[in-house]
2 protein chains.
Amino acid sequence: MPDEDWTPPPVLLAVDLVIFTLRESALHVLLIERGVDPFRGSLALPGGFLEHDREDVLAAAHRELREEADLDASRLHLEQLGAYGAPDRDPRGRVVSVAYLAIAPGLPEPLAGTDAARASWTPVTEILAGRAELAFDHRDILDDGLERARSKLESSALATAFCATTFTINELQQVYEAVWGVELDLRNFYRKVQAVNDFIVPVGAERRVGRGRPARLFKAGDRTTLYPPLVRPIPATTTKGNP
Amino acid sequence: MPDEDWTPPPVLLAVDLVIFTLRESALHVLLIERGVDPFRGSLALPGGFLEHDREDVLAAAHRELREEADLDASRLHLEQLGAYGAPDRDPRGRVVSVAYLAIAPGLPEPLAGTDAARASWTPVTEILAGRAELAFDHRDILDDGLERARSKLESSALATAFCATTFTINELQQVYEAVWGVELDLRNFYRKVQAVNDFIVPVGAERRVGRGRPARLFKAGDRTTLYPPLVRPIPATTTKGNP
DNA sequence: TCAAAAGTGTTGTAACTACACCCATGA
DNA sequence: TCATGGGTGTAGTTACAACACTTTTGA
């Protein structure tokens, strides 16, 4: 045990962001190409160090979100994933990172001309398939973020954070299918989401795209927790109680 | 944005532990009485600073578990809750804490004579009722730990971590009742837990206590995730979809 | 032989899966 | 008028809450 006038060793604190969005019905994560060592040229999650001694960690996440992704706090979900503190995770020295999960509605363009033009949306399947290597322990952080998103779709209204202010039920279903990586029966999905009071509320208008019957538009309701939950079929890491 | 030769501000990193156990069918948390300022004399979660520059954060949690609670890593559940990084959470300066949730089987005695004799098991209901104040933001951390434990009982085999190597179904039920703060129908509980393959496996022996039919003894099985989950009745923060 | 604790059976219901079917629109 | 996407109806099944009932023990 440390003695009386011992002082604890300081560490550097970073914030990393797993920012998910839906583009062309597929789950994408925002990655940057690193311009400096270590891992220069590699892909990494956006993030950075705490800026000054009194900066709140959550505030730092919001700041990075603005600087690196040009994303505003409004209409955006942000929650902490956890701290990553292995001693050798950063070759520059002792850096502990607090990771955040952010969910954004599909943006019109991949943010050119901003401070962070080197950022780009990457399909998550690319990384899962091992076709892209990530710097540091960012692959672990991404995996944790994906699992968190998957599990929160079951029991919370998180899915609406992927959508614009108004959306169709089909668009909402595409969120579930992209994040869970499964196909859902659209007819059962329609009733299930509408059966949960205040999950989505009809906005009165309709949207017509090409042929086919126009779809009703909805907006997110007040409900944040879904009960009963929408359980994903055949969860990846679990099997049925009695096989 | 910081310029080229700017260096990030260092912070002090602490580890705090929410250690739950069951004593006399009630959920208890390990608290210490602080011997030094700030908050001298107040109750606080056990924890401490990172000991040296290269210490792994998880390893620090294990070390504190040993030093402050005399608990070994074997037969003990330990998982990270998250980082707590508000700038004013510690009056001594910038301290970011990584909190861990630990679950221990009921210990014989509250650990006298050890390095951490000032530690004592406190009923969680005492703190929830506001009859005990906690130092720093430890009340928030405790709340988060309790919610995590509650939710993990639903979908994982965490409950067995509260029990000794062998246990009766009734003892397991008491875990659920104490953590969730509800009463369960023992007859339905019996079948539900036994229906999940490899959640608990019979060990052959029985236990007899006073009068009444002896109970079969079980041990924890290999299964870690429960599917379908054991959902808690009337979750505190949620209501039914259609009221 | 009775109280107490352990454990089983049964019934009604909620919520789901699977799939047949109907509706509204543009080409 | 037909292909296309939006939406409803219904039957069989699973999981579960509620509660009556049987079993095994100590006093």
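Predicted model only: the values in this text are computed from it and were never measured. Quick note on labels: first sequence line is chain A, next is B, and so on, each numbered from 1.
Toward the 5' end of DNA chain C, the nearer of the two residues B:T168 and B:N188, judged by each one's closest nucleotide, is B:T168. Each of B:R213 and A:P214 was matched to the nucleotide of DNA chain C holding its nearest heavy atom; the match closer to the 5' end belongs to B:R213. For the pair A:G212 and A:F218, both in contact range of DNA chain D, the more 5′-proximal nearest nucleotide belongs to A:G212.
Distance A:Y190 OH to D:dG9 P: 15 Å, rounded to the nearest Å. Atom NZ of A:K192 is separated from atom P of C:dA14 by 17 Å (rounded to the nearest Å). Here the C1' atom of nucleotide C:dT8 and the CG atom of B:D185 are 12 Å apart, to the nearest Å. Rounded to an integer number of Å, the gap from CZ of B:R191 to P of C:dT11 is 13 Å. Here C:dG7 presents its P atom at 12 Å from CZ of B:R208, a figure rounded to the nearest Å. To the nearest angstrom, P of C:dT17 lies 15 Å from CD of A:E183. Counting to the nearest Å, the P atom of D:dT14 and the OH atom of B:Y227 are 13 Å from each other. When the P atom of D:dA17 is taken as reference, atom CG of B:L186 falls 13 Å away, rounded to whole Å.
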**Message:** Checking B:L45 against B:F136 for the side chain to side chain contact (heavy atoms under 4.5 Å, CB included) test, could you report, in this order, the C-alpha distance in whole Å, the side-chain angles of both residues, the deciding distance, and whether it holds?
**Reply:** CA-CA 9 Å; B:L45 296 173; B:F136 306 104; over 6 Å; no

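A sub-4.0 Å separation between OP1 or OP2 of C:dA5 and a side-chain N or O of B:N170 is absent. Between A:R216 and D:dG7 there is a side-chain polar atom (N or O) within less than 4.0 angstrom of OP1 or OP2.
For the residue pair B:D144/B:Y84, the side-chain donor-acceptor check at 3.5 Å is satisfied.
Nearest nucleotide to the side chain of A:R211, out of C:dC19, C:dA6, C:dT25: C:dT25.
Between the side chain of A:Q194 and the backbone N or O of A:Y190, at least one donor-acceptor pair lies under 3.5 Å.
Every salt bridge (charged side-chain N to carboxylate O under 4.0 Å, His left out) that A:E126 has, sequence neighbours left out, goes to A:R131.
Electrostatic pairing of A:K192 and A:E154 does not count as a salt bridge here, judged by no charged N lying under 4.0 Å from a carboxylate O.
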